[in-house]
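All remarks here apply to the structure that follows.
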Number of protein chains: 2
Amino acid sequence: MRIMPARRVTLKDVAATAGVSYQTVSKVINHQLQVSEETERRVWQAVETLNYRPNHTARALRSQRSFTLGYSWPPSPKDQTNPILDQFLQSIFEAAQERGYYLLCFPYNMDTKQHLETYGELIDTGRVDGFILSSVEYQDPRVLFLLERNFPLVAFGRSDPELFFPWIDVDGAAGIAMVMSHLLELGHVRIAALAWPQSSRVGNNRMEGYFNTLKAAGIDPKPCWIQRGEGRFSFGYEATRQLLDLPKADRPTALIALNDPMAIGAMQAAREHKVAIGTQLVIASFDDTPMVRYLDPPLTSVRQPIWEVGQRIIPMLLDYIETGRLPEPTSVLVTPQLIIRGSTGSQINKQEGG
Amino acid sequence: MRIMPARRVTLKDVAATAGVSYQTVSKVINHQLQVSEETERRVWQAVETLNYRPNHTARALRSQRSFTLGYSWPPSPKDQTNPILDQFLQSIFEAAQERGYYLLCFPYNMDTKQHLETYGELIDTGRVDGFILSSVEYQDPRVLFLLERNFPLVAFGRSDPELFFPWIDVDGAAGIAMVMSHLLELGHVRIAALAWPQSSRVGNNRMEGYFNTLKAAGIDPKPCWIQRGEGRFSFGYEATRQLLDLPKADRPTALIALNDPMAIGAMQAAREHKVAIGTQLVIASFDDTPMVRYLDPPLTSVRQPIWEVGQRIIPMLLDYIETGRLPEPTSVLVTPQLIIRGSTGSQINKQEGG
DNA sequence: GAAAGTTAGGCGAACGTTCGCCTTAATAAA
DNA sequence: TTTATTAAGGCGAACGTTCGCCTAACTTTC
């Protein structure tokens, strides 16, 4: 036998107490204002004393809306933690709650077909009104699926330019460009990059900042400076060893990594090569994982305004859902922030950096 | 105007196609088997061709169940990442989906009263059938609130012994005891601890392992070996500086931290004192944040079986919800795993450690 | 002072299920 | 045969809302 918490208070109870029909109570609660002030007062009074709360399920059934948003994200590899997950989730939960929505979270299934099946189920069973996507890639199957079904979504991250859908993204190119300018100002000319494969959309965006800045400075990057691999510690370590073994004339004096784990690997390699980090080799990265401020030396990194992304992505999705029209603007680019620390030598910001 | 995705397929559509009443279709779908095989076949056939899926909201309204579980967790401080969040979430999402449930996640509100208000709303509006709690403390207001409302919950973490409710927890005492035994085997006698304040339930559990092991070994820990503070890098750093300034006879040769950030702070302090980590000062900690395997030296740490906790906590809650009786067993203690790395000197596991 | 307009609020229906009861026909027992 | 038993499936109601329409009373207008 199931648990039956004390019987729920319904519209009819409130109506009985207030001495009106239950439909009138509904009107009051939904601010339909074909109700006299006197009646309204009485109804609210009854709502108060009975501690009435509209049944969400009934409301959802009748109005054909669930006031629920779906979200699923790819789990991080076992040797890394997702540095932005917690903050992003808290931010979207809060922004959603503010507008009367909650988030339904579901597992990320590595099998694409099964994963899309879950999206389909959530749509067809009416459990969600729209989706948040993240870690969007080129020709992302989730995007294609939802576009085809014409179901509301907003993505954290872009995809192919010809796919038209609402998104918000951190301007990775601008972030890396800030790092590059910083390095150029420090006098560095031979700047290496630890990047992702060219199939990575995020990686390519960030690398734009690398190429464009160098081009503007009239520097032609040697191909060997650009190392591509998966964004793990081990790749950063190996790639940096190779970079440090280059002949002196080619050997980079500065290095940017597209994420923190690669940078930490690079630091390890530098340490083993007896290369002083921050002077002989300057290192910077992207993401500003909380822990990197405690590395030795503290790591210069680009911080994404994650809270802001969360606060903005939710209204975009809700406007889309509630009006049925694409949000304006349909795409948003937010600028990250460069946090300068000891790993790029300059001691101008020995403090925490926020 | 709202988006109206192609009209949903309902029971009636299926019934029309199969040539039966819609209630009969319902019976087939719910395996009520007062249906001939022939009819059943036809119905499933129709379900297939129309791609029918039962409307979740209607089902929830009628059956007074939402098939949804609520979860909220305290956000981690800005200078730390929660090392287990992602894995725990993925695990509970998966376990829940397997039994036909999804998770409704909502923001953690620092204002306790408002936070409980959210729990109450989710209950009263019928949005969830039960709650998962984590980071449970002594006299936890969420536990007290839900117990009073007699609403199903299962906690990841214990509270006061006299509060009777279902929980699953990692045996922190056993975890620290494993570390301590390891350190004793290595010959250490003066072992310090970086702990949380005594108001911390998790901290006290873990410290049991410290005290019990020392007692069993006939060692009486000096009060100055036990440093208590908030579990941050900065506290670990400061406390370790003090420990290293103790007169030689008192100075610890080994140190356990109740979490990784404190241990990393300790490593920093040791480095600045020119004390060799892993030989002159041995350091171990708790949680095994993915990144600590890449520290220099790699950090010995206790790893919690988070995936398992997630896989077990969900069936506990669902059994509770579906039968209305407390799950059996009502409380579960799982044992963590010691991952030995360079920071405790022994090189027996120079590999990744999983 | 009658026609027209406005307003408060009641009523029936509908959203898409599940549930319990009832009917009918087929089968078994007497 | 007649009666009791069972199985298959139909039917009405209910879950708790929202929505649109209708009525009655009251107000305005010429």
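Reminder, nothing fancy here: chain letters follow the sequence lines and each chain counts from 1.
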Atom pair distance, as rounded to whole Å: [atom1] in [X] and [atom2] in [N]:
X        : N      : atom1 : atom2 : result
A/Arg42  : C/dA8  : CZ    : C1'   : 12 Å
B/Glu37  : D/dA7  : CD    : P     : 14 Å
A/Leu11  : C/dG10 : CG    : P     : 13 Å
B/Arg62  : D/dG12 : CZ    : P     : 16 Å
B/Asp124 : D/dG16 : CG    : C1'   : 14 Å
A/Tyr22  : D/dA14 : OH    : P     : 12 Å
B/Arg65  : C/dT18 : CZ    : P     : 13 Å
B/Gln64  : C/dG16 : CD    : C1'   : 14 Å

Sequence neighbours excluded, which residues qualify as ring pair (Phe, Tyr, Trp, His ring centres under 6.0 Å) partners of A/Trp73? A/Tyr71, B/Phe93
Would you please confirm or rule out a distance under 4.0 Å between OP1 or OP2 of D/dG9 and any side-chain N or O of B/Ser36? yes
If the cut-off is 4.0 Å, is A/Thr24 near the phosphate of C/dA8, judged by side-chain N/O to OP1 or OP2? no
Tell me what A/Ser26 touches on the nucleic acid: a base, only sugar-phosphate, or nothing, going by heavy atoms under 4.0 Å. base
Could you tell me which residues satisfy salt bridge (Lys or Arg N to Asp or Glu O under 4.0 Å) with B/Arg99, sequence neighbours excluded, listed by chain and number? B/Asp319, B/Glu322
If the condition is salt bridge (Lys or Arg N to Asp or Glu O under 4.0 Å), which residues does A/Arg127 pass it with, not counting sequence neighbours? none
Measure the angle between the two terminal helix axes of the helix from C/dG1-D/dC30 to C/dA30-D/dT1, five base pairs each, and quote it to 10°. 50°
Could you tell me whether B/Glu308 and B/Arg312 make a salt bridge, using a distance below 4.0 angstrom between a side-chain N and a carboxylate O? yes
Residue pairs meeting salt bridge (charged side-chain N to carboxylate O under 4.0 Å, His left out), one or both in residues 130-148 of chain B, sequence neighbours left out, come to B/Asp140-B/Arg142
With sequence neighbours left out, what residues match [X] under side-chain contact (heavy atoms from CB on, under 4.5 Å)?
X        : answer
A/Glu94  : A/Glu98, A/Trp307, A/Gln311, B/Pro107
B/Ser135 : B/Pro74
A/Asp160 : A/Tyr138, A/Gln139, A/Glu162, A/Leu163
B/Arg42  : B/Val20, B/Glu38

Members of residues 47-61 of chain B that approach DNA chain D, where some heavy atom sits under 4.0 Å away: B/Leu61
Polar atom pairs (N or O), protein with nucleotides 20-26 of chain D, under 3.5 Å:
none

Map A/Ile29 and B/Ser21 onto DNA chain D by nearest heavy atom, then report which one ends up closer to the 5' terminus. B/Ser21
Using the ring pair (Phe, Tyr, Trp, His ring centres under 6.0 Å) rule, collect all pairs that involve residues 47-68 of chain B, keeping only residues at least two apart or in two chains. B/Phe67-B/Tyr101
Before giving the answer on side-chain contact (heavy atoms from CB on, under 4.5 Å), spell out for B/Phe106 and B/Glu121 the whole-Å C-alpha distance, their side-chain angles and the decisive distance to 0.1 Å. CA-CA 12 Å; B/Phe106 53 101; B/Glu121 184 201 320; over 6 Å; no
Please give me the minimum heavy-atom distance between B/Gln87 and B/Ile306, naming the atom from each residue. OE1-CB, 3.8 Å
